Amino acid sequence: MDNTSPAPPEAGPRRERRPERYDPQAIEPRWRHAWAEQGLYRVDLEDDARPKYYFLTMYPYPSGDLHVGHWYAEAPADAAARYRRMNGYNVLFPMGFDAFGLPAENAAIRAAREGEQVHPATLTYERIGRMVTQFEQMGAMFDWSKKVVTCDPVYYRWNQWLFVKMFERGLAYRKESYVNWDPVDQTVLANEQVIDGRGDRSGALVERRLMPQWHFKITAYADELLDFSTLDWPEKVKTMQTNWIGRSEGAEVVFRTESGEPITVFTTRPDTLWGATFVVLAPEHPLVERVTSASQRAEVEAYVVAAAAKSEIDRQAEGREKTGVFTGGHAVNPVNGERVQIWIADYVLMTYGTGSIMAVPAHDERDLQFARTFGLPVRVVVQPPGASLEGDTLAEAYTGDGVMVNSGRFDGTPTGKGEEGERGIASVIAWLEEEGLGERKVTYRLRDWLISRQRYWGTPIPMLYCDACGIVPVPLDQLPVELPSDVAFMPTGQSPLTTHEPFLHARCPACGGPARRETDTMDGFMDSSWYWFRYLSPELTSAAVDKELVGRWTPVDMYTGGVEHSILHLLYARFFTKVLRDLGLVDHGEPFQRLFNQGMILGEDNEKMSKSRGNVVNPDHLVSEYGADAVRTYLMFIGPWDQGGPWNFQGIEGVARFLNRVWGLIVDAPAGDPAVKVDEHVTRDLRRAVHTAIREISEDFEGFRFNTAVAELMTLQNAMSKAKSASLALTPGWEEACRVLVTLLAPIAPHLAEELWQRLGHATSVHLESWPEVDESALTRDEVRYAVQVNGKLRGEVEVPADAQEASVLSAAKAVPNVAKHLDGAELVREIVVPGKLVNLVVKPAARA
RNA sequence: GCGAGGAUGGCGGAAUUGGUAGACGCGCCAGACUUAGGAUCUGGUGUCUUUGACGUGCGGGUUCAAGUCCCGCUCCUCGCACCA
């Protein structure tokens, strides 16, 4: 397990001569080995004598090497988990690997180009092996017996099982969606492979292509996903998810073409219907074909083709210049019978609402820009209080509150954001419903989750296509559909599954006839949407989750990870938990009680670490130079955990020195004469320092403030080093101080703490100890120091008995020479005493003679 | 443009409810021990014109007292950004 040159346990005869040095390279591997042998971190999931605590960190993608970022994510989390454990909880702190994904497949393709055969599975397992070794060096309390690896059929089989269950419930369905198509490599690209509209490998302009693909109906849970009321999550994440879901209330209203075909539009402002002076369809809208007049056809078709070639990202990249084409067709505004033009424009998105809008240029900025660009009419239908806007002269759209005008029976109705305004809008909707012109409608920005990936290295979608029976799921007892391994990776990047004949051909379970297998695989987010349930029973083959254990251990108490997963991963995880609940597998709908986002460690150049920038910091050399404990402690010390920041290794020296001093404090013989009587003040000061440290560090751990926890530990070490003497070392107070120091250090620097604990004469592990408790009586003082201010400026300090009355504090304060000087000849107008803290004497300056 | 967070010594960062700004550490300076020191230990270290004054991005305000509260700005980071 340890490949860090395990030095033999020091049995040196030289010990007497020279104080023994702190040698992490000797200590750390030895203890890791011992812990593994004792099974110290093996969690008994059945143990219900203690309350459970499920501490989860986001599992990594097996990139092959642990870098500082992994340490930064895991080391403080480990310390927090260890703290919980010492506080009496049965803590599960598991680790696994998000093992499917593009990089491994791309590596295989790259190798294929060079005529080599590298299988993603081989590569992935090799990398996992390496990372497990590196993780072990961290000295974290991961229980590796619970490890989950998502590319293992024992795991992804249940992805397939869940997929089929969701298909049965109508939550998985197939429909046409756009993909990024690379015309050179003849392959589909993930969004992150498209850079500035071009394929990252071929450099070809990426096209949008419609393909039938599998989707999960996350929108069915949209409203429930907006409810965060039971969660202790950062506001930021909740806001981001809320915006992502993007709930809008409004109405659908039916316009009609001149031939009577309905054009349904969604609007959040049905009160402005009377101001709708034209209608705009998305270029992909099915009605475009039919409303276009002969004379406009050529222009319309050219626009549609141009729009189709552009991705949504491209459309936006071109700025907000409005483009569009008149179709030649007209529609009738249902509320006033007015004949309006029908345009197409790419600022209207087919994927939102109904793919068509009514344009109200007077009250919508985008519509106004469009109207001005193409000379379309602008009519004001909401007048702000005390103003009268004119459509022709309007400089910007008016979106505020006001009173409806030019709106027939609704003239004079107040409208807008306020309570009264909303009543006005509601009355318009009610009228639309009565007249059969429209209805109330809620629309979401959130779209269904496109789960199909035209890729190899993922979970095969367990579906069959039968000529006779159509789409048929693979029967549950035939799962898993295993990914064939005897495949050749083509330099084009195409998934080998599409040409793997034995995989392709199957029997239809319904009619027994020939059927073709689905060759798409699942999005990697599928794996991470429920993996934490699986840590409880990673090898279970009879079910996706162990219901009994899941009932006992989930939801997760604490989840930590980077903000970059605030939206997709966490939203999908919440969605899946609700689906699992509805399938009767779990009894709760929210997966993670508390969420904490640690910051990101940047490179020394203050940029995000990446291989391409060449600024990735590998901590291995620091570990071999200073030890894992020093690296852990340093990462916790550099600043607030949620802040991250640029990496700078300079300061690790200070932390290493600190650990060295702690070592010396416990190990080195004290100086001085043991017969000298210990001053009572020394003992009391020592106890105060010890118990102050317990109090502060406990609070810091609760709030994940590891930086101040380490600082407090340093303060305690300083106090102890100053006080240390041969005679003090014989007292129970010193014994307590050493015991507490080592226990408080245990979650942060587990190896060193363990070594020192043994040297203090304990036979069992420090990691089985309870967290120390504060003795309030040790915190009291006889004397209190007051700051003394005159007119708010510090002029001196004074020590008074802790129980001194205000009057005696004041007189002592006034007696301080420098204070007296500033009071001299001035008129004292006010005296303020903050108990235990400060005195402020307010004077009027002496009238100068 | 909208939303959120932030700005404190040469550097990373500390500062309950407003109550001694700069904890802890890095770096730096001086000293001790040393053949040596990039080891270790001790002391010092916000700035300046140093009996004092000034200092928490800038300008105002409230208060006996403001890093902290209020008003108005600047800059930085992050998220969203034609979502009807």
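Keep in mind the model is a prediction, meaning the values are calculated, not measured. A, B, ... follow the sequence lines: proteins, then strands. Residue 1 opens every chain.
- Among the protein residues, A:Ser566 comes within range of no part of the nucleic acid, since none of its heavy atoms lies under 4.0 Å from any strand.
- Atom name P, nucleotides B:rU51 and B:rU34: the rounded distance is 41 Å, in whole Å.
- In terms of position along RNA chain B, the nucleotide closest to A:Gly654 lies nearer the 5' end than the nucleotide closest to the other residue of the pair A:Gly654 and A:Gly792.
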Strictly under 3.5 Å: I want the nitrogen or oxygen pairs between protein and nucleotides 36-45 of chain B, one per line.
| from | atom 1 | to | atom 2 | distance (Å) |
| --- | --- | --- | --- | --- |
| B:rC41 | OP1 | A:Arg661 | NE | 3.0 |

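- For the side-chain hydrogen bond (donor to acceptor under 3.5 Å, both in side chains) condition, the pairs that include at least one residue of residues 712-725 of chain A, sequence neighbours left out, are A:Gln717-A:Ser721, A:Ser725-A:Ser727.
- Side chain of A:Ala787, nearest nucleotide from B:rA53, B:rC24, B:rU20: B:rU20.
- Each of A:Thr242, A:Leu225, A:Val442, A:Thr443 was checked for a side-chain contact (heavy atoms from CB on, under 4.5 Å) with A:Arg247, and the lone residue meeting it is A:Val442.
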Might you work through the side chain to side chain contact (heavy atoms under 4.5 Å, CB included) test for A:Tyr347 and A:Asp367, ending with a clear yes or no?
CA-CA 10 Å; A:Tyr347 82 91; A:Asp367 296 345; 2.8 Å; yes

Walk along nucleotides 11-16 of chain B from 5' to 3' and tag each nucleotide B, S or - by protein heavy-atom contact under 4.0 Å, base first, then sugar-phosphate.
-BSS--

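- Look at CZ on A:Phe658: it is 12 Å from P on B:rC26, rounded to the nearest Å.
- Heavy atoms of A:Asn718 sit under 4.0 angstrom from primed sugar atoms or phosphate atoms, though from no base atom.
- Judged purely by distance below 3.5 Å, without hydrogens or angles, the side chains of A:Glu653 and A:Tyr626 pair a donor atom with an acceptor atom.
- Per the geometry, CG belonging to A:Leu794 stands 15 Å off C1' belonging to B:rC54, to the nearest Å.
- For A:Arg445, the listed nucleotide lying nearest its side chain is B:rC80; candidates were B:rC80, B:rU20, B:rC24.
- A:Tyr303 and A:Thr323 share a side-chain donor-acceptor pair at under 3.5 Å.
- In summary, the aromatic rings of A:Phe596 and A:Trp233 are positioned with their centroids too far apart to meet the 6.0 Å limit.
- Both A:Trp244 and A:Thr267 lie close to RNA chain B; mapped to their nearest nucleotides by heavy-atom distance, the more 5′-ward contact belongs to A:Trp244.
- The nearest whole Å value for the distance from the NE2 atom in A:His565 to the C1' atom in B:rC78 is 16 Å.
- Note: CG (A:Leu659) to P (B:rC26) measures 12 Å, nearest angstrom.
- When the C1' atom is compared between B:rC33 and B:rU56, the two are found 41 Å apart, to the nearest whole Å.
- Neither side chain, A:Gln643 nor A:Trp641, offers a donor N or O lying under 3.5 Å from an acceptor on the other.
- A:Asp401 places a side-chain N or O within 3.5 Å of a backbone atom of A:Lys417 that can act as its donor or acceptor partner.
- Taking the C1' atom of each, B:rU20 and B:rG72 are spaced 31 Å apart, rounded to whole Å.
- One can place CG of A:Leu635 at 18 Å from P of B:rG25, the figure rounded to the nearest angstrom.
- Ranking B:rC24, B:rC82, B:rG19 by closeness to the A:Ile832 side chain, first place goes to B:rG19.
- B:rG72 adopts an anti glycosidic conformation, its chi angle falling more than 90° from 0.
- Straight-line distance between the P atoms of B:rA7 and B:rU42: roughly 34 Å, to the nearest whole Å.
- To the nearest whole angstrom, the two C1' atoms, one in B:rC28 and one in B:rG12, are 16 Å apart.
- Using a 4.0 Å heavy-atom distance criterion, A:Lys793 is classed as a sugar-phosphate-only contact.
- A cation-pi contact, defined as under 6.0 Å to the ring centre and within 45° of the axis, is absent between A:Arg379 and A:Trp274.
- The residue A:His822 sits close only to the backbone: its heavy atoms come under 4.0 Å of sugar-phosphate atoms, none of a base.
- Looking at A:Asp271 and A:Arg269, a side-chain N of the basic residue comes within less than 4.0 Å of a carboxylate O on the acidic one, giving a salt bridge.
- Note on A:Thr268: only backbone sugar-phosphate atoms sit closer than 4.0 angstrom, heavy atoms only; bases stay farther off.
- Nucleotides B:rU45 and B:rG1, compared at atom C1', are 47 Å apart to the nearest Å.
- Judged by distance alone, with hydrogens and angles left aside, A:Lys322 brings a side-chain donor or acceptor within reach of the base of B:rC82, the pair sitting under 3.5 Å.
- Using bins of under 30°, 30° to 60° and over 60° for the plane-to-plane angle, the ring pair A:Trp449/A:Tyr572 lands in the parallel bin.
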